[in-house]
Structure formats: C-alpha cells, structure tokens
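Remember, it's 1-based here, ligands and their atoms both numbered in the order they're listed. Only this structure's heavy atoms are used, side chains among them; waters, hydrogens and symmetry mates stay out.
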Amino acid sequence: MSLKLNDHYKNVKESYLFSDIAKRVAAYTEKHPEAKIIRLGIGDVTLPLTPTVISAMEKAVAEMGKKETFRGYAPEYGYDFIRQAVADYYKKFGVTLSLNEVFVSDGAKSDVGNIVDIFGDNTVLIPDPVYPVYLDSNLMSGRRVSFLKASSEDGFLPMPSGLKEDSYLIYLCSPNNPTGAVYNREQLTAWVNFALKTGSVIIFDSAYEAYIKGDYPHSVYEIPGAEKCAVEICSLSKTAGFTGTRCAWTIMPDTLTVDGVVLNKRWARRQATKFNGVPYVIQRAAEAALSPEGQKESEASVAYYMGNAALLADLFTRKGIWFTGGICSPYIWLKCPNGMNSWEFFDSLLENVQVVGTPGSGFGECGEGYFRLTSFGSREATEEAVGRLEKFL
Ligand code: PLP
C-alpha cells in the first residue's frame, strides 16, 4: 500500500545552475582566498526601495497599529486603490483596463506558475532559452511542451512562422530573461495575429518592461486584438526593487474567452480559492511605487542599472563579440568567444579575471554557447569587471 505522488515532478530536471555556480566559485575562493570576485550573475536588484515607497509603507504600518485603521484579510484580487494604480499605469501605454481585469498578487513567479491551473491538456509553446519557471510549472502539471527554439539568427526572438496551425498556450517574455531581446510592434503583431487565427492564448511576461527604451511595446495590449488572446503578467520586482517586498499583477481581459468561458472569471475563481491577497502594507507600497513620484524614483534606479548595461554593451561592441540585450534590458546575452561552451567560458572568466556570470545553457538547450551578464551590480564593480574583461577578451 502506498500513496501516489504527482509523478510528473519526475520530468522536472533538478536545477543545479545556481548551486553549481556557487560550488565552482567556492572552490576557486578556497584556492585563491585573496581573489576579488565580481559577481555579474545575479538576477536580483541591489538598490534599496525608494523614499516614496518607504514612507507609504511606514504610514500603512502605523495604520495597522490603530483600531480605526487596522485591516484584516485583504481582498483576494487587490484593493481597489492598487487595481486603480495599475490601470492608471497602463494609460501610459495607451491601454485602458477596468479594475476587475487587474489581479494583484505576490509575484509574477507565482502567477506564471499558477496559471497552468486554469488550462487543460494543451500543447504549450515555450521559448528556448527563457526563464525556467514556464517549463517547470507546465511539466509539474504533466503538460505537453514544445520549444520555440531561438538563436542568434532570429536575434533570440522566435516567431510563429513555420508553426503548425493549432491552438496552443504560448509563453512570450519581452524583454526576455536571459537574452534581453525585445519584440518590436511588428513581431508582436505577428504573434497576436497567429493566436487570434488559431484560438491560442499568449501568456505575456512583461516583468522587464520598465527597461525598454525606444518604440517597443511595453504591454501586449498595445497590439490590437491582444485583448482577445493574451494574458499579461508583470511585476514590481525589477521595476521598483520589490524582489524582497513582493507585488505583481496579472491582467485578464474581460474579452478573453476560451471555448465560451471568460478566463477572467476562471482566474477569479482560482485566486479566490487558493490565494489570500497581498498584505495591505505592501499594496500601499506598490501604490506609492506606481505614483508619479514613485515612478520617477524607480526610473532613476533603472537608469543606474542601464548605465551599467551600457558599459558592458560598449565593451562587447568594441570587442566585436555578438550579443543581445543591454539596451532594453538589464541582461546582456553574449556569444562565448572562441567557440567555447557556456561552462567553459564560465570557468575561463572565473580563472582569468574573477568575473562570475551565468552559463546560458542553464536557460535551455539553445542557450548553450552563450552567457548572461547582468547590470544589477554596483557601478564600481561593473567598471572594474569591464576593465578586466577589456584586457582579457
Ligand atoms: N518573469 C521573469 C521573466 C523573471 O525573470 C522573473 C524574475 O527573475 C520573474 C518573472 C519573477 O518575478 P517576481 O519577483 O515578481 O516573482
């Protein structure tokens, strides 16, 4: 006699990426305790929350300490004030949302992982390389996954041409983690048209939209018709430094239906059953981050990171090393020089210049031979890394 487990978990590969990196760095440090290692592998922000956010949090904390202003369970979908703040934020992109289309959550990771719940047994299209949560959450639920293989030829922006016309669940991430590549209007229009034509649904992850410069869509809803075929997931993690504070949202348009079912209602049902809402204090912090003052402050943090990205991008341009990202994204995705594979290049950088990045092969098979550097470090560390790489590469 034995209980049955969800054996789909057996199909999920153990992720050794970050533990392998940590082990190799630890082994190097043991041999070379004097080495000054520069970590450009981190995908986490390093600048603190901004003053507007902190003062909103302090005020909300004080409210929680008074009987008259204390709050208990928060509404599962978010207080109206934050749903309104998100809707107002989207006006910047020319996108009109009603409050019930905005579902506030504790993270884009949670929403990306949980959304599988409301879909059945479809073929799921996932870019390769990409943020690994899309793949793992679908494998855990036993879904059939097919990869949208990307390469330097398509600028790591896979397109629908060549796909069999069928109804798919399609994950798109723009700007992409890890490649930093960003879809332009024409490319995103092709995806939206494909989804409309085939009855597919796009799950659009815009976690890095705040890093976009120039005329690229920040939201999939800037593309006509997307309100009938796309869900959008975004987060304040990278926009406003909320990785440790936790606030994100999912947009489920009223007009998005599958087989006559309004997905908004399905998601509402799912969230009401399995999610307890984001803490009041955090929602007030998020509201402040989305206020004009909060946005101005976050933009300064983003500009700081993008200053780092520009230093790295300039270096690889000077060296003639192929890369994407670094312009609309905090990530630089470069082709490992001299035909090295991702881990060989990792070891080479660690040994020779003590710079740590992330092997591209950790983000999917198509990431082999590529390498991710991030701009979330300090300016001093990035400058030092650029100096060392300049001499070495
Ligand atoms: N989506 C992408 C593409 C990411 O890179 C990340 C975090 O690295 C997330 C979502 C997760 O965001 P959150 O911190 O809101 O869970």
Side-chain angles (χ1 to χ4, degrees), residues 15 17-18 21 40-47 49 53 78 82 86 89 102-116 126-138 148 150 156-158 170-183 202-212 216 218-220 230-251 271 275 277-279 282-283 285-286 289-290 298 301-302 305 309 324-326 328-333 357-358 360 362-364 367 372-377:
S15 174
L17 179 64
F18 289 99
I21 292 175
L40 297 185
I42 49 163
D44 195 357
V45 294
T46 51
L47 293 174
L49 294 172
V53 170
I82 180 70
V86 172
Y89 184 69
V102 180
F103 292 84
V104 176
S105 79
D106 63 353
K109 188 195 220 173
S110 322
D111 288 353
V112 161
N114 293 332
I115 206 158
V116 181
I126 297 181
D128 176 0
V130 86
Y131 181 54
V133 177
Y134 312 153
L135 173 63
D136 289 352
S137 55
N138 275 284
L148 296 167
F156 284 94
L157 291 166
I170 304 165
Y171 287 74
L172 297 180
C173 180
S174 178
N176 179 287
N177 176 15
T179 70
V182 56
Y183 283 112
I202 295 172
I203 297 178
F204 189 76
D205 184 339
S206 60
Y208 296 95
E209 64 76 19
Y211 292 80
I212 290 176
Y216 295 93
H218 287 245
S219 163
V220 71
V231 170
E232 180 160 303
I233 297 175
C234 193
S235 166
L236 289 177
S237 282
K238 305 294 157 76
T239 301
F242 270 51
T243 51
T245 307
R246 313 301 315 145
C247 196
W249 57 81
T250 284
I251 308 297
Q271 291 297 80
F275 182 58
V278 176
I282 304 301
Q283 294 199 41
L290 291 170
S298 304
S301 303
V302 167
Y305 297 134
T324 54
C328 292
S329 150
Y331 300 121
I332 309 261
W333 177 254
T358 313
F363 298 96
R372 190 189 77 171
L373 292 174
T374 85
S375 59
F376 288 127

Under 6.0 Å between ring centres: does that hold for Trp249 and Phe103?
no

Kindly give the heavy-atom pair with the smallest separation between Val112 and Ser137, and that separation in Å.
O-OG, 3.9 Å

Quick check on the 6.0 Å ring-centre criterion: do Tyr331 and Tyr211 meet it?
no

Just by distance, with hydrogens left out, do Asn114 and Ser110 show a side-chain donor and acceptor under 3.5 Å apart?
no

Check ligand 1 against the protein and report each N/O to N/O distance under 3.5 Å, formatted as atom name, atom name, distance.
residue, atom, partner, partner atom, Å
ligand 1, 1 (N), Asp205, OD1, 3.4
ligand 1, 1 (N), Asp205, OD2, 2.6
ligand 1, 5 (O), Asn177, ND2, 2.8
ligand 1, 5 (O), Tyr208, OH, 2.6
ligand 1, 8 (O), Tyr208, OH, 3.4
ligand 1, 8 (O), Lys238, NZ, 2.9
ligand 1, 14 (O), Ser237, OG, 2.6
ligand 1, 14 (O), Arg246, NH1, 3.1
ligand 1, 14 (O), Arg246, NH2, 3.3
ligand 1, 15 (O), Ala108, N, 2.8
ligand 1, 15 (O), Ser235, OG, 2.6
ligand 1, 15 (O), Ser237, OG, 3.3
ligand 1, 16 (O), Ala108, N, 3.3
ligand 1, 16 (O), Lys109, N, 2.9
ligand 1, 16 (O), Arg246, NH2, 2.8

Between Glu232 and Ser219, does any side-chain donor sit less than 3.5 Å from a side-chain acceptor?
yes

Just by distance, with hydrogens left out, do Tyr171 and Asn138 show a side-chain donor and acceptor under 3.5 Å apart?
yes

